[in-house]
Amino acid sequence: MMTKFDGKIALVTGGNRGIGFAICKGLLKAGFDVFLVARSVDEGQEAVQKLSEYGTATFIQLDISDDSSIKSVVEQIEKKTNKLDVLVNNAGIYPDEGVDILTVSRELLIRAMNTNTFSPIELTQALVPLLEKSQSPRVVNMSSGNGQIDGLSANAPSYSLSKMALNGATILLSRLLEPKKIAVYAMCPGWVRTDMGGENAPRSPDEGADTAIWLATEGTMAQSGKFFRDRTEQPF
Ligand code: NAP
C-alpha cells in the first residue's frame, strides 16, 4: 500500500535498541526508508534484520562521538541518496550513577555533553546539505524532562545539563535553519522501559517513540525551535 511518506528518507541514531529502534519501526511503517545508525555492527545488523518485515532499513555504523566517522557517514549516505527528509538525534547516554552536582567530575560532564549535545549538533551540521534538498526537512532532538528548567536533577547532573544544552542547541539551530525551511524540534519521550529507563518505567518504547514519529511526519515550521511531550508543546 502506498503512503504519502513513500520515497521519504530518515536517519535515526541509536536505532539498535530502545526508543530509537521503535522510532525506526514507526517510520518504516509510515512508508519511510530508514538509515539505522548504531555503533555496534552486530547489533545494528540484527536490528535491521528484525525490522525487515516493515520496510527498507539500511544499517550505518557510527559512533556519534567520533568526528571522523561522522564525516565518513555523510559520504556513505551520499552514495545512496541525494536528500534526507528526517534526522532523529536519538542516541544518548545517562552516565550519572552515584554522583550528584557536588561530586560529578569534569570528565563525566564532558562525556555526557560530548554524546548528548555536541554529537547532535555536529551530525545536524554535517547533514544540512542533504536536508536542504528535502521538500519538508525535519530534525528531531531526543531531549528529556531532565533538560527542562523545572526538571533539572541534582542527582543526574551531567545528563540534565547535557539535555538542557541540547534544548538550547535546538533553539539556535532552528533560528539559523529557518531560512532553509528546516524545522528543528526538541522533545521528551516520557519515562520509558529501556535499558536507560529501567523496567519500572510506565511507557513502552513504542509509546516513547510516538511524539518523535509525529514530529518527523507532521511537524510544522511554526513548531520549530520548540519542546514537546505527548504531542504537546511544553516550556523549556
Ligand atoms: P537506551 O536503551 O540506553 O539506548 C541508547 C541508544 O543510544 C543505544 O542505541 C546506544 O547504542 C546509543 N548510543 C549511545 N551512545 C552512542 C554513541 N556514542 N554512538 C552511537 N550510539 C550511541 O536508551 P533509550 O531509553 O532508548 O534512550 C533514547 C533517547 O531517549 C536518549 O537520548 C535518552 O536520553 C532519551 N530519553 C530516554 C528516557 C527513558 O525513560 N528511557 C527518558 C527521557 C529521554 P549502544 O547500544 O551501542 O550503547
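Both ligands and their constituent atoms are indexed starting at 1 by order of listing.
- Atom CD of Glu132 sits in a crowded spot, with more than 12 heavy atoms from other residues, nucleotides or ligands closer than 6.0 Å.
- Those atoms of ligand 1 that come under 4.0 Å of a heavy atom in Asp195, given as number and element, are 2 (O).
- When each atom of ligand 1 is checked for a heavy atom of Glu43 under 4.0 Å away, the hits are 46 (O).
- For the ligand labelled ligand 1, residue Arg193 lies outside the 4.0 Å heavy-atom shell.
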>> Before you tell me yes or no, could you show the steps for Val139 and Tyr185 under side-chain contact (heavy atoms from CB on, under 4.5 Å), namely the whole-Å CA-CA distance, both residues' side-chain angles and the distance that decides it to 0.1 Å?
In response: CA-CA 6 Å; Val139 178; Tyr185 316 104; over 6 Å; no
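- Ranking protein heavy atoms by distance to atom 37 (C) of ligand 1, first place goes to Ile19 CD1, 3.8 Å.
- Nearest non-hydrogen protein atom to atom 19 (N) of ligand 1 is Ile64 N, 3.0 Å.
- If you look at Arg203 next to ligand 1, there are no close heavy atoms at all, none under 4.0 Å.
- A continuous path of ILVMFWY side-chain contacts below 4.5 Å connects Leu62 to Val128, so both sit in one hydrophobic cluster.
- For atom 20 (C) of ligand 1, the nearest protein heavy atom (residue, atom name, distance) is Leu62 O, 3.4 Å.
- Among all non-hydrogen protein atoms, the one lying nearest atom 18 (N) of ligand 1 is Asp63 OD1, 2.9 Å.
- Note on ligand 1: Asn116 sits outside its first shell, no heavy atom being nearer than 4.0 Å.
- Within 6.0 Å of the CD atom in Glu107, the count of heavy atoms belonging to other residues, nucleotides or ligands exceeds 12.
- Numbered from 1 in the order shown, with element, the atoms of ligand 1 that lie under 4.0 Å from a heavy atom of Met142 read 29 (C), 30 (O), 32 (O), 35 (C).
- The shell of residues lying under 4.0 angstrom from ligand 1, judged by heavy atoms, excludes Thr13.
- Close approach of ligand 1 to Ala91 is summarised as follows: ligand atoms under 4.0 Å from at least one heavy atom of the residue are 7 (O), 12 (C), 13 (N), 21 (N), 22 (C), 32 (O).
- Not a single heavy atom of Ala201 sits closer than 4.0 Å to an atom of ligand 1.
- For the ligand labelled ligand 1, residue Tyr159 lies inside the 4.0 Å heavy-atom shell.
- An N or O contact shorter than 3.5 Å is missing between Gly20 and ligand 1 by distance.
- In summary, the atoms of ligand 1 found under 4.0 Å from a heavy atom of Trp191, numbered by their order in the structure, are 40 (O).
- A donor-acceptor pair shorter than 3.5 Å cannot be found between the side chains of Ser143 and Asn141.
- Residue, atom and distance of the protein heavy atom nearest to atom 16 (C) of ligand 1 are Arg39 CZ, 3.6 Å.
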>> Determine whether Ser204 and Asp206 satisfy the following criterion, side chain to side chain donor-acceptor pair (under 3.5 Å), listing intermediate values before the conclusion.
In response: CA-CA 5 Å; Ser204 68; Asp206 286 345; 5.3 Å; no
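- Using cut-offs of 30° and 60° for the angle between ring planes, the Tyr94 and Tyr159 rings count as tilted.
- Hydrophobic clustering places Val12 together with Val41 (ILVMFWY residues linked when any side-chain heavy atoms are closer than 4.5 Å, directly or through intermediates).
- Ligand 1 lies out of reach of Gly145, whose nearest heavy atom is not under 4.0 Å from it.
- In this structure, the protein non-hydrogen atom closest to atom 39 (C) of ligand 1 is Val192 N, 3.6 Å.
- Among all protein heavy atoms, the one lying closest to atom 5 (C) of ligand 1 is Gly92 O, 3.7 Å.
- For atom 10 (C) of ligand 1, the closest non-hydrogen atom of the protein is Arg17 NH2, 3.8 Å.
- Residue Asn16 has at least one N or O atom closer than 3.5 Å to an N or O atom of ligand 1.
- At a threshold of 4.5 Å between side-chain heavy atoms, the hydrophobic network of Ile, Leu, Val, Met, Phe, Trp and Tyr places Leu84 and Ile70 in one connected group.
- Residue contact annotation: Gly190 has a non-hydrogen atom under 4.0 Å from ligand 1.
- Contact atoms of ligand 1 toward Gly197: 40 (O), 41 (N) (distance under 4.0 Å to a heavy atom of the residue).
- Counted by atom type alone, Gln223 and Thr220 present one or more donor-acceptor pairs between their side chains at under 3.5 Å.
- Among the candidates Thr13, Thr117, Thr124, the single residue satisfying the side chain to side chain donor-acceptor pair (under 3.5 Å) test with Asn89 is Thr124.
- Comparing heavy-atom distances from atom 29 (C) of ligand 1 across Val88, Thr194, Asn90 singles out Asn90 as nearest.
- The shortest N or O to N or O distance between Pro189 and ligand 1 is not below 3.5 Å.
- Of the polar atoms of Ile93, none of the N or O atoms is found under 3.5 Å from an N or O of ligand 1, judged by distance alone.
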